[in-house]
Each structure stands twice: as structure tokens, then as C-alpha cells.
*Asks:* 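Take a look at this one; I'll ask things after.
In each ligand, atom 1 is the first atom listed, and ligand 1 is the first ligand listed. The basis for the numbers below is simple: all heavy atoms, side chains too, and nothing from hydrogens, waters or symmetry mates.
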Amino acid sequence: MSTVLMNGEFIPREEAKVDIEDRGYQFGDGIYEVIRVYNGKMFMAKEHLERLSASSEKIGIATSYSISELTILLEELIAKNSLSTGILYMQFTRGVSPRNHSYPETVAPAFVAYTKPLSRPLDNLENGVGTITVEDIRWSRCDIKSLNLLGNVMAKQKAAEAGCFESIQYRDLSVTEGSSSNIWIVNGGKIRTHEANQFILNGITRQKIIQLCEENGIEVEEKAFSIEDLIDADEVFLSSTTAEVTPITAVNNVPVKEGNIGEVTKKLQDLFVEAIVGECGQIS
Ligand SMILES: Cc1ncc(COP(=O)(O)O)c(C=O)c1O
């Protein structure tokens with residue numbers, strides 16, 4: 001039986017219940033994070049928790065813990081569930097209050113965190129994945145990691161129905177991001193991804209990749225690119241906490257690089273694994 005952290009208490013999963021008037025449940029009025037755990041250790045916890053805090057400030061939810069308090073609680077949760085390789089999911093909602101669109105005045109935020117075992121996606125990392133392009137129908141505050149994921153869910157479902165791993169979204173013919181990932185192209189050894197503005201989530205994996213590029217002399221540009229650029233690219237890949245650096249081998253059934261994984265993508269995969277090993281120890 002797994003343990004869940006709910007409003008400061010460690011309780012069995014079966015006892016964790018949501019009130020029907022929780023604003024996260026009714027309005028998607030809340031924010032969340034997903035942190036990777038390797039060898040029982042969180043990867044880039046500080047960056048994820050800082051983003052959680054930034055998201056909460058952007059929507060005016062006063063989270064109940066400091067980053068260091070939350071880190072200690074999450075480490076305890078990992079230990080209680082003996083999690084080795086997996087993820088930590090956590091969310092804050094604005095709390096429980098009679099249904100009314102405007103913010104309630106004196107309500108404590110509701111917090112929940114749980115763990116889930118999840119292996120590294122070795123097959124995808126090695127062989128790449130197929131994608132489709134879909135119009136980005138989401139709102140214009142995609143920088144907030146909000147519980148409102150309907151646009152993302154609909155985009156992912158289209159990918160699933162097309163037998164693909166991910167949807168690549170575009171807004172006014174510019175590629176923004178995947179339904180749950182950031183999208184990158186490589187041309188002439190130089191990599192490019194959408195700038196971190198209100199139209200994408202500034203992925204923690206994205207930030208790590210940029211840092212690794214800068215440290216290793218790989219040229220990186222943060223500037224939106226078109227669907228044409230995507231289709232003409234030498235290499236395409238996606239990044240996220242759970243997918244790491246995953247090669248994209250096809251877009252709309254058209255192979256990228258004849259379906260082979262590019263050298264720059266492979267180099268970034270290696271550098272990313274080194275970063276994980278540096279922080280969490282050896283992985284397979
Ligand atoms: C819409 C969206 N973009 C990008 C990402 C990648 O972010 P991260 O690398 O922090 O997982 C995610 C992750 O879930 C996402 O949902």
C-alpha cells in the first residue's frame with residue numbers, strides 16, 4: 001500500500017479523498033509539478049520547486065511550505081514508498097470553498113503529493129518516436145504549470161489516435177511545444193527551441209539542455225521556428241522530465257533523417273545522462 005502526502009500528513013493512498021468543492025477539481029484552479037526520481041534521489045528538485053513557487057505566485061496561491069520544507073517532506077515520501085526509479089507528482093489547489101469563480105478570501109491551499117514507479121523510456125530513447133503536428137488551441141499563459149490541461153490532453157489524444165507518441169503544437173505556423181514536452185530542431189550542428197515566453201512551459205529539462213549546450217560549446221538559439229523549419233530539420237527531438245532527451249524520427253509520418261537518430265541528439269542524450277549520474281548516481 002503506498003503512502004500519500006496530503007495537507008501535511010502521510011496517509012495511506014486509499015484514505016486520500018478529494019472534496020467535491022476543491023477548486024482544483026471544479027475549476028482546475030491549481031498548479032503542479034512532476035519530479036524525476038533516480039536511485040531514490042530527486043533530479044533537479046530545486047529547479048522544479050522554484051518553478052512550482054513561481055507558478056503559484058503567478059496565480060496568487062500562497063503555498064503552505066518553503067522550498068526547503070517541501071524538499072524534506074518529499075524526501076520522506078520517497079523513503080516511505082521505497083521509490084527507486086520513478087516520479088513524484090505534487091499539486092497545490094486554491095483550496096476547498098463553495099463554488100464561485102472569484103477567489104475565496106480565507107481558504108488554505110490544498111496540497112497532495114504521491115510517488116509512482118516509472119522506468120526510464122529506454123526503447124524510445126534508443127529508437128525515437130513518431131509525432132504529428134496539431135494546432136495549439138491553448139490559452140496564452142502556458143508558462144504557468146497549471147492543472148488546466150484540457151488543450152494538452154486533447155493534443156495528446158490526437159497523437160495517440162494517430163499511433164504517435166507526441167503532438168507537436170503550432171500557433172500561427174510557429175511551433176510552440178509538445179503536449180507534454182518541449183520541441184527542438186538541429187540544423188548544421190546548431191540547436192533551436194521556442195523562446196521561454198507565455199506560449200510554452202519553460203521545461204526544467206529544457207533549461208538543463210541549454211546549460212549543457214553552453215558548457216559544451218554547442219550553439220543553441222531560443223527562437224520560435226516554423227513548421228517548415230521542423231520538416232526540413234537535420235534532427236528533431238523532444239525533452240521532458242519523464243521522456244528526458246527523446247529523438248523524433250517522424251513528423252506526420254514523414255521520416256526525419258531517414259528515421260535515424262542524429263549525432264547532436266545522441267551527444268545531448270549522453271550529456272543529459274551524465275548530468276543525472278552526477279546528481280543521482282549510476283543509472284541504467
Ligand atoms: C506543456 C509542457 N511543456 C513542456 C514540458 C517539459 O517540462 P519539464 O522538462 O519540466 O518536464 C512539459 C512537462 O510535462 C509540459 O507539460
*Asks:* Return yes when Arg51 approaches ligand 1 closer than 4.0 angstrom through a heavy atom, no otherwise.
*Replies:* yes

*Asks:* Among all the protein's non-hydrogen atoms, which is closest to atom 6 (C) of ligand 1, and how far away is it?
*Replies:* Asn182 OD1, 3.7 Å

*Asks:* Heavy-atom contact check, 4.0 Å cutoff: does Lys145 meet ligand 1?
*Replies:* yes

*Asks:* Please identify which of these residues, Asn81, Thr241, Ile78, meets the side chain to side chain contact (heavy atoms under 4.5 Å, CB included) condition with Leu88.
*Replies:* Ile78

*Asks:* Is any side-chain heavy atom of Met42 closer than 4.5 Å to one of Leu74?
*Replies:* yes

*Asks:* Looking at non-hydrogen atoms alone, which of Gly203, Ser240, Ser181 comes nearest to atom 4 (C) of ligand 1?
*Replies:* Ser181

*Asks:* Taking only heavy atoms of Thr241, which atoms of ligand 1 are found under 4.0 Å from at least one of them?
*Replies:* 8 (P), 9 (O), 10 (O), 11 (O)

*Asks:* Which ligand 1 atoms are under 4.0 Å away from a heavy-atom of Thr205?
*Replies:* 8 (P), 9 (O)

*Asks:* N/O of Ile204 under 3.5 Å from N/O of ligand 1, yes or no?
*Replies:* yes

*Asks:* Linking I/L/V/M/F/W/Y whenever any side-chain heavy atoms sit under 4.5 Å apart, do Leu238 and Ile168 land together?
*Replies:* yes

*Asks:* Val175 pairs by side chain to side chain contact (heavy atoms under 4.5 Å, CB included) with which of Val236, Val251, Leu230?
*Replies:* Leu230

*Asks:* Can a donor-acceptor pair be found between the side chains of Thr176 and Asp136 at a distance below 3.5 Å?
*Replies:* yes

*Asks:* Are any of the heavy atoms in Cys142 under 4.0 Å away from ligand 1?
*Replies:* no

*Asks:* What protein heavy atom sits nearest atom 3 (N) of ligand 1, and how far off is it?
*Replies:* Glu177 OE1, 2.6 Å

*Asks:* Are the side chains of Leu5 and Phe111 in contact, using a 4.5 Å heavy-atom criterion?
*Replies:* yes

*Asks:* Tell me, which protein residue and heavy-atom name are nearest atom 16 (O) of ligand 1, and how many Å apart are they?
*Replies:* Ser180 CA, 3.4 Å

*Asks:* For Tyr170, give me all partners under ring-ring contact (aromatic ring centres under 6.0 Å, His included), at least two apart in sequence or on another chain.
*Replies:* none

*Asks:* Measure up the Tyr32 and Tyr89 rings against each other and bin them: parallel (under 30°), tilted (30 to 60°), perpendicular (over 60°).
*Replies:* parallel

*Asks:* Distance under 4.0 Å to a non-hydrogen atom of Asn152: what atoms of ligand 1 satisfy this?
*Replies:* 1 (C)

